[in-house]
Amino acid sequence: MTTIVAVQHEDWCMIASDTQTTGYDIASDCEPMGKIAQNGKYLVSAAGLVRGMNLIQHVFVPPTPPKVREKKLDKFMVSSFVPALRKTFMQSGYDIKSDGDPASHDNDFIVAVNGTLYFIDEVYGLERTKTKVYCTGTGMKIALGAVEAQDIDDVDDYEEAIEILEKAVKAAIKYDIYSGGKVQIALQTN
């Protein structure tokens, strides 16, 4: 269904994905909309149902982020960004909530803001990891292995990172039947 891989650097972050959409045993290229979108000061990528990405690209009006990083930005993302995202999903009929169950949706998101990456899961959990690499989708294990095999931890130059992420997504396109199309890459600096 998707391959998304992202890398965090102290001065920038980058997200790469395939462009194939799959449904009803049919695959097609989802360009020009793609799986990575700019929305205000955010880069947002999504794996899962197309509806979540549609809402993020065309309906969601994210709150303006503070010009900070680390803990204050973490707090903002948890207390402002995620609730605003959920409100958009609820108003659009995309949020799922049953008695006794947590609210959920059918996506994993990798979001970049102020040059910082965040992973948002299907129950609105938000994480920022100690490692440099984030990934999701059916091709994520292939892409993760490919970036690690190319020593992504030693990369300081974003141009070199572009080459590594492109090779990783291409490997997933080759070996994951649910990934395909072209490679889409987006860079955000802090």
Side-chain angles (χ1 to χ4, degrees), residues 1-10 12-39 42-57 94 104-113 115-189:
M1 302 267 279
T2 294
T3 297
I4 299 174
V5 61
V7 64
Q8 178 72 63
H9 184 271
E10 64 186 45
W12 47 266
C13 63
M14 186 179 302
I15 304 172
S17 76
D18 71 314
T19 60
Q20 178 175 294
T21 186
T22 310
Y24 305 106
D25 299 326
I26 298 172
S28 60
D29 196 315
C30 66
E31 282 188 306
M33 291 173 74
K35 297 177 184 179
I36 306 169
Q38 180 82 39
N39 187 336
Y42 300 88
L43 282 177
V44 183
S45 59
L49 295 183
V50 174
R51 180 70 174 148
M53 191 61 171
N54 292 158
L55 294 171
I56 288 229
Q57 284 180 302
Y94 188 61
S104 64
H105 53 84
D106 289 319
N107 293 98
D108 285 338
F109 298 103
I110 298 176
V111 177
V113 60
T116 302
L117 291 171
Y118 291 91
F119 180 83
I120 302 173
D121 67 21
E122 71 279 354
V123 292
Y124 300 99
L126 182 125
E127 296 179 52
R128 189 164 53 86
T129 69
K130 191 173 186 176
T131 65
K132 288 184 170 189
V133 181
Y134 293 69
C135 56
T136 189
T138 57
M140 74 178 186
K141 291 178 183 177
I142 297 165
L144 180 61
V147 296
E148 289 299 324
Q150 297 177 79
D151 296 321
I152 193 72
D153 290 334
D154 297 333
V155 171
D156 222 22
D157 183 307
Y158 71 80
E159 290 174 354
E160 187 178 352
I162 289 171
E163 290 178 30
I164 289 173
L165 293 186
E166 184 173 17
K167 287 179 183 177
V169 174
K170 283 182 176 179
I173 287 170
K174 183 174 181 177
Y175 294 106
D176 175 45
I177 62 171
Y178 296 110
S179 296
K182 298 177 184 115
V183 179
Q184 180 184 11
I185 298 178
L187 170 72
Q188 186 181 75
T189 61

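Looking at residues two or more places apart in sequence or on another chain, you find no ring pair (Phe, Tyr, Trp, His ring centres under 6.0 Å) involving Tyr178. With sequence neighbours excluded, the residues that form a salt bridge (charged side-chain N to carboxylate O under 4.0 Å, His left out) with Arg128 are Glu70, Asp74. Under the rule for a side-chain hydrogen bond (donor to acceptor under 3.5 Å, both in side chains), the partners of Thr131 that lie at least two apart in sequence or sit in another chain are Thr129. When the side-chain contact (heavy atoms from CB on, under 4.5 Å) test is applied to Leu144, the partners found at least two apart in sequence or on another chain are Val133, Cys135, Val147, Glu148. Here Val50 pairs with Thr21, Asn54 under the side-chain contact (heavy atoms from CB on, under 4.5 Å) rule; sequence neighbours left out. Considering only residues two or more places apart in sequence or on other chains, Tyr42 meets the side-chain hydrogen bond (donor to acceptor under 3.5 Å, both in side chains) condition with none of them. Evaluation of the side-chain contact (heavy atoms from CB on, under 4.5 Å) rule for Ala6 yields Ile15, Ile110, Leu117, Tyr134 as partners, not counting sequence neighbours.
Using a 4.0 Å cut-off between charged nitrogen and carboxylate oxygen, Lys132 and Asp153 do not count as a salt-bridge pair.
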| field | Audit row: Met140, Thr3, side-chain contact (heavy atoms from CB on, under 4.5 Å) steps and yes/no | value | CA-CA 5 Å; Met140 74 178 186; Thr3 297; 5.8 Å; no
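Within the structure, salt bridge (Lys or Arg N to Asp or Glu O under 4.0 Å) contacts touching residues 154-165 (residues at least two apart or in different chains) do not occur. Residue pairs meeting the salt bridge (Lys or Arg N to Asp or Glu O under 4.0 Å) criterion with at least one partner in residues 117-127, sequence neighbours excluded, do not occur; the list is empty.
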Side-chain donor/acceptor pairs under 3.5 Å, residues 164-177, sequence neighbours excluded:
residue: Glu166; atom: OE2; partner: Lys170; partner atom: NZ; Å: 3.4
residue: Asp176; atom: OD2; partner: Thr138; partner atom: OG1; Å: 2.6
residue: Asp176; atom: OD2; partner: Gly139; partner atom: N; Å: 3.3
residue: Asp176; atom: OD2; partner: Ser179; partner atom: N; Å: 3.3
residue: Asp176; atom: OD2; partner: Ser179; partner atom: OG; Å: 2.6

